[in-house]
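One structure below.
Numbers here are sequence positions counted from 1.
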Amino acid sequence: MKKLGLGLMRLPLLDAEDPASVDIVQTMQMVDQFLERGFTYFDTAYMYHGFTSENIVRQVLTSRYPRERFVLTTKMPTMRLREKADLDCIFDEQLSKCGVDYFDYYLLHNLNTTHYEIAQQLDAFAFIREKKRIGQACKIGFSYHDGPKLLDQILIEHPYIDVVQLQINYLDWDSAGIQSKSCYEVARRHGKDVIVMEPVKGGALANVPEEVRQLFTTADPERSAASWAIRFAASLDGVLTVLSGMSNLEQLMDNIGYMEDFQPMDAKERQIVNQAATILKKAIAIPCTGCNYCTQECPTGIPIPTYFSLYNAEMQSLRRGFSVQQVYYENYAKTHSKASACIQCGQCERQCPQHLPVIQWLKKIVDILEE
């Protein structure tokens, strides 16, 4: 299997404000090109694109191609489980929505301390193990957003797991918050294959500052910034595939161009990537990936990732006089809650895979973009 997977979380939209308004025509073109060039891995989940991603899979993929042409992964939304009956109900719904009889990979979604407790209480691991036994899931595992200690505990307690999906990119590799390297090492120590998510950190490593862009261009003028991020992750031992949330056909063509005949990074390229990470750590104020888990739980409806993105742009600008970020902020505030509407309930921080101090950052956004 080629080491690039099509993540169905950031598909092209007809309306940027509506995650369910997926551009089906362009998505079909992306799927066709992806398969035509020999790539097979597709990743979706119950909640992606406003709970429509699995339906879209059926529209653009499973109803149009024979089952043996593709590898399909989806995930059990542990954050939405309330009782054991939910497991069967949701799984059967997913089979129907995706239009398949089985999943090649089936994962428990977004395990952390809280969601692991839910999974344990409801015997979710036993559930997916049974699905593997009866052939409705070929391989089983979980996606993970927490530290190496808990990951080690989970893999000790559930050694039959086949695969772990981890957030890995060159910016988070040595991050004290994400701990990509430490989590990767735990997974490999247990002999588990790794699926990489967020290799370009929600697009942040595709749209890099000019200093980083020049660094990459000098080394290889033909390669995009995103290529350095994806190849970094794909070069790691034991990585099964690297998921890229491609948002248009142009991004897909760029990715399959350099991953069709994948060549692992050499020592010199890894050194360049380390230099890029050093530069970026000084430039990015809030390392948000834009997954939107926080917005699903926000009782006041604050578009947190959007405001974080505006804040990062403001911090990287010269900030002299007129602020275009402030204009955008006021535009969003006409249809959404302002950052100052935060009631400090903490729901966002409990759901954040990056473990960001969201409440404190919202206060800074109030200071910068509302004042």
Side-chain angles (χ1 to χ4, degrees), residues 4-19 21-23 26-27 30 34 43-45 48-50 53 143 145 165-173 175 177-178 180 196-213 215-217 223-234 242-259 273 276-277 279-295 303-317 324-325 328 332 352-354 356 361:
L4 177 69
L6 179 51
L8 304 173
M9 179 181 175
R10 294 186 174 95
L11 294 172
L13 300 177
L14 298 173
D15 178 358
E17 295 296 315
D18 180 8
S21 66
V22 172
D23 183 340
Q26 186 174 181
T27 302
M30 293 167 66
F34 194 71
D43 172 89
T44 186
Y48 291 173
H49 280 288
S53 182
S143 64
H145 289 290
Q165 185 167 307
L166 297 174
Q167 176 170 321
I168 295 177
N169 57 69
Y170 67 78
L171 190 58
D172 291 328
W173 188 242
S175 164
I178 308 303
S180 288
V196 173
M197 58 182 162
E198 298 291 356
V200 294
K201 202 169 174 64
L205 302 184
N207 300 299
V208 293
E210 184 59 27
E211 186 178 357
V212 176
R213 191 174 301 282
L215 177 67
F216 290 153
T217 301
R223 284 185 175 161
S224 65
S227 74
W228 289 85
I230 290 175
R231 288 182 61 245
F232 168 83
V242 178
L243 302 177
S244 178
M246 297 167 253
S247 300
N248 55 53
L249 184 58
E250 181 183 3
Q251 290 178 4
L252 182 134
M253 296 306 292
D254 176 53
N255 284 348
I256 63 179
Y258 58 80
M259 289 299 289
V273 162
I279 297 168
L280 283 165
K281 286 172 185 176
K282 298 176 182 177
I284 296 177
I286 310 176
C288 171
T289 69
C291 70
N292 281 298
Y293 291 166
C294 57
T295 60
I304 298 169
T306 299
Y307 289 168
F308 282 0
S309 177
L310 292 177
Y311 181 85
N312 283 338
E314 183 74 356
M315 292 298 99
Q316 291 173 12
S317 70
V324 67
Q325 282 74 233
Y328 276 100
Y332 274 104
C352 178
Q354 314 306 319
L356 298 176
W361 282 117

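When all heavy atoms of Ala234 and Met259 are compared, the pair lying nearest together is CB-CE, 3.9 Å. Residue Pro199 comes nearest to Ala229 through the heavy atom pair O-CB, 3.3 Å, listed as atom of the first residue, atom of the second, then distance. Residues Gln354 and Ile178 share a closest heavy-atom pair of OE1-CD1, 2.9 Å. Looking at every heavy atom in both residues, Asp43 comes nearest to Gln165 through OD1-OE1, 3.6 Å. A pairwise comparison of heavy atoms in Leu205 and Val208 identifies O-CG1, 3.5 Å as the closest pair. Nearest approach of Pro353 to Tyr293, heavy atoms of both residues: CG-CD1, 3.3 Å.
With rounding to the nearest 0.5 angstrom, the CG atom of Leu4 is 7.0 Å from the OH atom of Tyr258. Here the straight-line distance linking atom CG of Leu252 with atom CD of Gln26 works out to 9.5 Å at 0.5 Å rounding. Between the OG atom of Ser244 and the CD1 atom of Ile230 there is a distance of 4.0 Å, given to the nearest 0.5 Å. Summarising the geometry, atom CD1 belonging to Ile279 is positioned 11.5 Å from atom CG belonging to Leu171; distances are rounded to the nearest 0.5 Å. The distance from atom CG of Leu13 to atom CG of Asp23, rounded to the nearest 0.5 Å, is 8.5 Å. The distance from the OG atom of Ser175 to the NZ atom of Lys281 is 7.5 Å, given to the nearest 0.5 Å.
Looking at residues two or more places apart in sequence or on another chain, you find no salt bridge (charged side-chain N to carboxylate O under 4.0 Å, His left out) involving Arg213.
Between the side chain of Ser53 and the main chain of Ala45, no donor-acceptor pair closer than 3.5 Å is present. Between the side chain of Asn312 and the backbone N or O of Ile286 there is at least one donor-acceptor pair closer than 3.5 Å. Counting only distance, with no hydrogens or angles, the side chain of Ser227 and the backbone of Ser224 share a donor-acceptor pair below 3.5 Å. The backbone N or O of Met9 lies less than 3.5 Å from a partner atom in the side chain of His49, making a donor-acceptor pair. In this structure a side-chain-to-backbone donor-acceptor pair under 3.5 Å is missing from Glu314 to Leu310.
Contact annotation: the side chain of Arg223 approaches that of Trp228 to within less than 4.5 Å [non-hydrogen atoms, C-beta and beyond]. Counting only heavy atoms from C-beta outward, the side chains of Phe308 and Leu356 approach each other to under 4.5 Å. The shortest distance between side-chain heavy atoms of Pro12 and Thr27 falls below 4.5 Å. A 4.5 Å side-chain heavy-atom check between Ser309 and Cys288 finds every atom pair outside the cut-off. A heavy-atom distance below 4.5 Å is not found between the side chains of Leu215 and Thr217. Taking the side chain as every heavy atom from C-beta outward, Leu280 and Pro209 approach each other to under 4.5 Å. The shortest side-chain heavy-atom distance between Pro305 and Thr295 falls under the 4.5 Å cut-off.
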Verdict with supporting geometry, His145 and Met197, side-chain contact (heavy atoms from CB on, under 4.5 Å): CA-CA 11 Å; His145 289 290; Met197 58 182 162; 3.3 Å; yes

Test side-chain contact (heavy atoms from CB on, under 4.5 Å) applied to Arg10 and Met246, step by step: CA-CA 6 Å; Arg10 294 186 174 95; Met246 297 167 253; over 6 Å; no

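Taking the six-membered ring where tryptophan is involved, the planes of Phe232 and Tyr170 are perpendicular, since the angle between them exceeds 60° and thus also 30°.
Residue pairs meeting the salt bridge (charged side-chain N to carboxylate O under 4.0 Å, His left out) criterion with at least one partner in residues 199-208, sequence neighbours excluded, are Asp172-Lys201.
A donor-acceptor contact closer than 3.5 angstrom is absent between the side chains of Gln167 and Glu198.
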